[in-house]
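Lettering of chains follows the sequences in order, A, B, ..., and the numbering in each one begins at 1. As a basis for the values below, the full set of heavy atoms in this structure was taken, side chains included, without hydrogen atoms, waters or symmetry mates.
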There are 2 protein chains.
Amino acid sequence: MLIVSLMRLGDEEKYLREQFPNVTFEFYKHPAELPEDTQRKMDVLISFHHAVDEAFIDASPNLKWIAWYATGVNSLPLDKLEQREIKLTNGKGVHAQQLSEWLFAYILDDYKQLKSVYQEQQDKIFNGKRITKSLDEATIMFLGTGAIPQRAAAIAKAFGMTTIGLNTTGHAVTNFDETYKLADRLSLYQQADIVVNVLPETKATYHLLSLEDFKAMNDQTLFVNIGRGTIVSTQDIVHALKNKHIRAAYLDVFEEEPLSKESPLYELDNVYITSHITGNGASNRKKATQILKSNLEHFLNSGSLIENVVDLKKGY
Amino acid sequence: MLIVSLMRLGDEEKYLREQFPNVTFEFYKHPAELPEDTQRKMDVLISFHHAVDEAFIDASPNLKWIAWYATGVNSLPLDKLEQREIKLTNGKGVHAQQLSEWLFAYILDDYKQLKSVYQEQQDKIFNGKRITKSLDEATIMFLGTGAIPQRAAAIAKAFGMTTIGLNTTGHAVTNFDETYKLADRLSLYQQADIVVNVLPETKATYHLLSLEDFKAMNDQTLFVNIGRGTIVSTQDIVHALKNKHIRAAYLDVFEEEPLSKESPLYELDNVYITSHITGNGASNRKKATQILKSNLEHFLNSGSLIENVVDLKKGY
């Protein structure tokens, strides 16, 4: 059994070799360093690099399982994996904590007016009159009710917020006060002070949101995107912000990444930009390796996987 | 029964008059507008203005109860109230939500490096490499375990943090993983990534923290003060920050308020200042009026008060 990682895993390398003494592990710093012969022979691949495309899969004839260390699998050739019957697991849940922390960092930056407050400090103004909005009077609506929004909704409840979750069927989910069908969203947006996209990129979510969505929101709405940038075209989100269909947005993901210096988003004064970093965490590699370990034990025993198996048809 | 408020209460004025038709309410915009005769006759006072000093109490011979709409009662002449047997209730709990929101706004601003991130946005730099610290690996220590730290600790637990509370006796309190005696704090500080002062100002807490405290903390500690500024002298906190005994501080309260433009705190690059605003909230007046209502019902029936009664000896 040959397992190849397209990145170095630090302390986790020794850990994996100790846990699985009969498995051969090879760790490369970059996909370009992978020898052709190794690629032909490998059984399992660890990566979350965009180099893993259709041609890469074709050059890996023995590949049976990809342990993807990120959550979003949209850059992978899913049809090809299905055709070749290659199993895919992802890092679902690994990033829920970090993404939730970033979400509340955004929300509190906005609700507590931290940028204005910091300007006052720089101007040495002691303004005791400032009154800020309170989260316990706010309703937060999540597009998506998976592992990440469930974690975030638990924190929202601790802050006393009202939580609404939208998913395909409208089924009830832990930590959400109310759940509805995504398809009914236009008639629901007015209830939300904050709308958060946490949907994965799939054929069904590509450009799911249009100008119509933003027009249906309250003009005081704060929009947050920590899912995938392709949920809305750059043109539509810029138009919505410029025309104040919504009050402001915090965006971590974009239709094109990295964001170009010429992006019209940089010219708006009601958008706050981070660089697709809300999933980054010092412990992610460790957490994803724990998922790999559980799965590998089963894979060696029975050829099956038990955690975070991606449905190749659904794409998550 | 004459109840005088030294501030206007908006919608709450009509509400109180409707709830208590047999009580006379008078609402003034400012203490200076209060007629001497009214002051002599009033039974109950609603205020949180520093004008309520010893002379003011002397000029209010009929006063039986002060319904203080703030939590901190340190500006009141407590000895005089005790001597005159004037009851005192405060706004404890009214500000817990707002203060907790500000606390996490501070912590997430720091942990998620929001100021650096915003600078990158302004420089149009898309830096996908940033990795930030995670709250679920952090320990937060509260000096004080009352209503406000209990509310904040509940949110800290939702973020997965370890919570330590220090109080006079070291008794266990809801939402704190561990509690210890305040007197033992020097040997406990090393456990804390974040130290938050939420203690009221009393004779026992005045300048409770000294340089020795900050030297005993980890040099990576984040210090937050949302209690009272007199917990530490300006000189000591400035020295601790300048000499990096701690990493940084978020301060909402100060030994002297308003903070002078000449304050040395404004010259430091590891302190973030707000203007004693973390208790401000649009619903505070409404919440404090609900406490007044409960108490007034009992006061009219039996002369006793049931909620938020301040121990005049302890000062909270």
- Item | Heavy atoms from other residues, nucleotides or ligands near CD of B/Q235 exceed 12 (cutoff 6.0 Å) | no

- Tell me, side chain or backbone of B/Q122 under 4.5 Å from chain A's heavy atoms, or both, or neither? neither

- Note on the structure: Filtered by a 4.5 Å non-hydrogen cutoff, the part of residues 277-288 of chain B contacting chain A is B/I277, B/N280, B/G281, B/A282, B/S283, B/K287

- Note on the structure: Given A/Y106, A/F159, A/F126, the one with more heavy-atom pairs under 4.5 angstrom with chain B than any other is A/F126

- Within a radius of less than 6.0 Å around NZ of B/K115, do more than 12 heavy atoms belonging to other residues, nucleotides or ligands occur? yes

- Item | For the student: nearest non-hydrogen atoms of A/G160 and B/R151, plus distance | N-NH2, 4.0 Å

- Query: With respect to chain A, which residue among B/I155, B/D123, B/I125 yields the maximal number of heavy-atom pairs within a distance under 4.5 Å?
  - Reply: B/I155

- Task: Evaluate the side-chain proximity of A/E101 to B/S134: yes if any heavy-atom separation is below 4.5 Å, no if none is.
- Result: yes

- Message: Counting only non-hydrogen atoms closer than 4.5 Å, does A/F254 touch chain B with its backbone (N, CA, C, O), its side chain (CB onward), both, or neither?
- Response: side chain

- Item | Any donor-acceptor pair under 3.5 Å from A/S275 side chain to B/N127 backbone | yes

- Within 6.0 angstrom of B/F48 CZ, more than 12 heavy atoms from elsewhere: no

- Closest non-hydrogen atoms of A/A158 and B/A158, given as atom of the first, atom of the second and distance, are CB-CB, 3.4 Å

- Note on the structure: Applying a strict 4.5 Å limit to non-hydrogen atoms, the region of B/Q113 in contact with chain A is neither

- Tell me, side chain or backbone of B/K157 under 4.5 Å from chain A's heavy atoms, or both, or neither? neither

- Do B/E120 and A/I273 have side-chain heavy atoms sitting under 4.5 Å apart? no

- Query: Hey, what's the ring geometry for A/Y118 with B/Y272, parallel, tilted or perpendicular (30° and 60° as the breaks)?
  - Reply: tilted

- Look at A/K112, A/R130, A/K129 and state which one has the largest set of heavy-atom pairs under 4.5 Å with chain B. A/K112

- Query: Hey, are the side chains of A/L114 and B/W102 touching, using non-hydrogen atoms and a 4.5 Å cut-off?
  - Reply: yes

- Item | Contact summary for B/K261 and A/K124, nearest pair of heavy atoms | NZ-O, 3.0 Å

- Message: Closer than 3.5 angstrom, by distance alone: can the side chain of B/Q121 be matched with the main-chain N or O of A/V271 as a donor-acceptor pair?
- Response: yes

- Item | Atom CD of A/Q220 with >12 non-hydrogen neighbours under 6.0 angstrom | yes

- Item | Residue selection (most heavy-atom pairs with chain B, distance under 4.5 Å) from A/Q98, A/E257, A/H276 | A/Q98

- Top of A/D109, A/D252, A/T132, A/V117 for chain B proximity - count of heavy-atom pairs under 4.5 angstrom: A/T132

